Amino acid sequence: MRKYWFVFSIYWQEGLQQRASFFMERFRSLVVLISFYYFWTALLAHRASFAGYDRSQMITYILGMNILRGIVFASRTYEIAGEINHGRLSGYLLKPVNFMAYTFFRDMAEKSINSVSALIEVIGLSWVLHVGIRWPHQASTWAYFLIAIVGAMILNFIMSFIMGCWGFWTAESGGPRFLFELFLEFSAGAFFPLDVLSPKLQAILKMFPSPYLVFYPLHVFLEKLSPAQVINGLGCQLFWITSFGIIAYVVWQKGVEAYGAQGS
Amino acid sequence: MALKAAEQTARGRRFMMKHVRIWIRLAAMGFANQTASPLSSFGYLVGKLVRLAFFLVFLSAIFKHTDALAGYSLPEAALFFLTFNMVDILAQLFFRGIYGIRGLVREGDFDYFLIQPLNVLYRVAFNTVDFLDVVTIIPVLVTTFWVTRHLPASSHLSNWFWYVVMMLNGMVIAFSIHVAVASLAVLTQELENTIWIYRDLMSLGRFPYDIYDAPMRCVLTFVIPVAVMVSFPAKAFLGRLSAAWMVHSFIVAIASLAASLWFWRFATRRYTSSSS
């Protein structure tokens, strides 16, 4: 286990070393946050609530969305396909490490840097714009929220890992990954709460695992769910994690069998 | 006198045709490059279309709960969003080559461009033609046309005229920003990332700029003229842009073009070819 903490530490340092890229990434996230903040502020200017959200709930969703994007979507799994295609995977296979655990801790480093930064941005923005955040009333909500975040993080990692494994069979995984990430972010509620959409579209999107990445944890935080719905949501998260975990394992095994180590 | 004028016209036509031929050749090379990776290109194309569709669905869903966004109806808000897309896609389609200038400078390939009997800026800007953008712009155009049919403003030809003029004006500003970014890359070899910052700031024009408060509107109009590029064309179409703002737009475009071309000449004069 200690070696994986070293992986975490090395990539944490590397992440902070590439400051220009890091700040640019954060700036991009901030632009999304600002544009949606103003969008919802304009919509809620002359009304008490919108699609079941009052002003403080909506602003909390938008700010929370920025933090969850940092925690859940910040990832380095896009490097996996390149590592396979260029034969660098051979180096990992020869080391006494589990590649999935290695990439998970590499991702954790990326996520932790981004989430700390996102938290600072949100605190700064709420201070500058004088926005009121809607905090949970019950202590148990915090516990459920933290569990939901951990579940979202693991779920997104596994799905992204599977996408990275496309590299075993094709050198053209860039386009499908772009499509996957776009769909995932939209359907996760990482741009807007899904309940502004029509009930039919919501029902379709909720059949996918993506709403459990951002929309569900933020609903837990906003205490918009009953205790039964919270438990049900956590169960669904566990179901998706288990299902995709099995798929990831099978895909990895098949991929390593197909791996030709070209370029190494 | 007439002979001289005819000669000048013929020279101008030859100049134009030469540049059109080069663009077509570069576009063909770009197309060949993209069809060499069909799966990846397909993924990017569908991704771009999905992003467009999602935002349109989002906008229409919003208007199920309200009648107006900052005083604009659904077709009007959609027009702002589609105009933003149009300017963004056209800029990517025509100036995509700028995105790769850092690589050209660092690898020393920029030298080859300098010795070719062609304007270097033209060669760099059109070095890459992204055909996925050609395909993406078709649904944007169709949807824009469909949306404008739901607007009373579409019946006035003058609105269409000013829409196109302001959009071209926005393209001139977009071109100037791309040239400035390319110049920075030639000077520093480090600032390719700047183009992505521009792209992100552009996304602030996705919604009508009236949603922003006064200080933010001021920034988007005078400091980073995103509103001039993407919001003003839509406002002109709707007949909500005063003559004074139109004049302001033209001044911004002319000033930014002049400044960026000066900066480009300044940067290329200082290019040392150290990587080659």
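Computed from a prediction, not measured in an experiment: that's the story for all the values here. In what follows, every chain begins at residue 1, and chains take the letters A, B, ... in the order their sequences are listed.
The stretch residues 47-58 of chain A places A:Arg47, A:Phe50, A:Ala51 near chain B, each with some heavy atom under 4.5 Å from a heavy atom of that chain. The stretch residues 209-219 of chain A places none of its residues near chain B, where near means some heavy atom under 4.5 Å from a heavy atom of that chain.
Proximity to chain A is limited to the side chain of B:Arg206, based on heavy atoms less than 4.5 angstrom apart. When heavy atoms are compared at a cutoff of 4.5 Å, A:Thr170 approaches chain B solely by way of its side chain, counted from C-beta outward. Of the atoms belonging to A:Leu30, not a single heavy atom falls under 4.5 Å from chain B. Of the two parts of B:Val50, only the side chain, counted from C-beta on, holds a non-hydrogen atom closer than 4.5 Å to a non-hydrogen atom of chain A. Of the two parts of A:Leu197, the backbone and the side chain both hold a non-hydrogen atom closer than 4.5 Å to a non-hydrogen atom of chain B. Contacts of B:Ala77 with chain A are absent, with no heavy-atom separation under 4.5 Å from either backbone or side chain. Of the two parts of B:Asp210, neither the backbone nor the side chain holds a non-hydrogen atom closer than 4.5 Å to a non-hydrogen atom of chain A. Of the atoms belonging to B:Pro208, not a single heavy atom falls under 4.5 Å from chain A.
Applying the 6.0 Å contact sphere to CZ of B:Phe131 captures more than 12 heavy atoms from other residues, nucleotides or ligands. Taking a 6.0 Å sphere around OH of A:Tyr78, one finds it holds more than 12 heavy atoms contributed by other residues, nucleotides or ligands. Environment of CH2 in B:Trp146: sparse, with no more than 12 heavy atoms of neighbouring residues, nucleotides or ligands closer than 6.0 Å.
Here NE2 of B:His65 is found 10.0 Å from CG of A:Leu43. Values are rounded to the nearest 0.5 Å. Considering CG of A:Leu182 and CG of B:Leu52, their distance stands at 11.0 Å, rounded to 0.5 Å.
Between A:Phe36 and B:Phe207, the angle of the ring planes goes over 60°, which puts this pair in the perpendicular group of the 30/60° scheme.
Contact check for B:Arg51 versus A:Phe178: side-chain heavy atoms found under the 4.5 Å cut-off. At least one side-chain heavy atom of A:Glu172 sits less than 4.5 Å from a side-chain heavy atom of B:Pro38. Using a 4.5 Å cut-off on side-chain heavy atoms (C-beta onward), B:Leu201 and A:Phe27 make contact. Proximity of B:Leu39 to A:Trp166: side-chain heavy atoms (C-beta onward) are separated by under 4.5 Å at one or more points.
Under the ring pair (Phe, Tyr, Trp, His ring centres under 6.0 Å) rule, A:Phe39 has a single partner from B:Phe55, B:Phe58, B:Tyr212, which is B:Phe58.
Residues A:Val31 and B:Asp200 approach most closely at CG1-O, 3.0 Å, considering heavy atoms. Pairing each heavy atom of B:Leu69 with each of A:Ala42, the nearest pair is CD1-CB, 4.3 Å. The heavy-atom pair separating B:Ser40 from A:Pro176 by the smallest distance is CA-CD, 4.0 Å.
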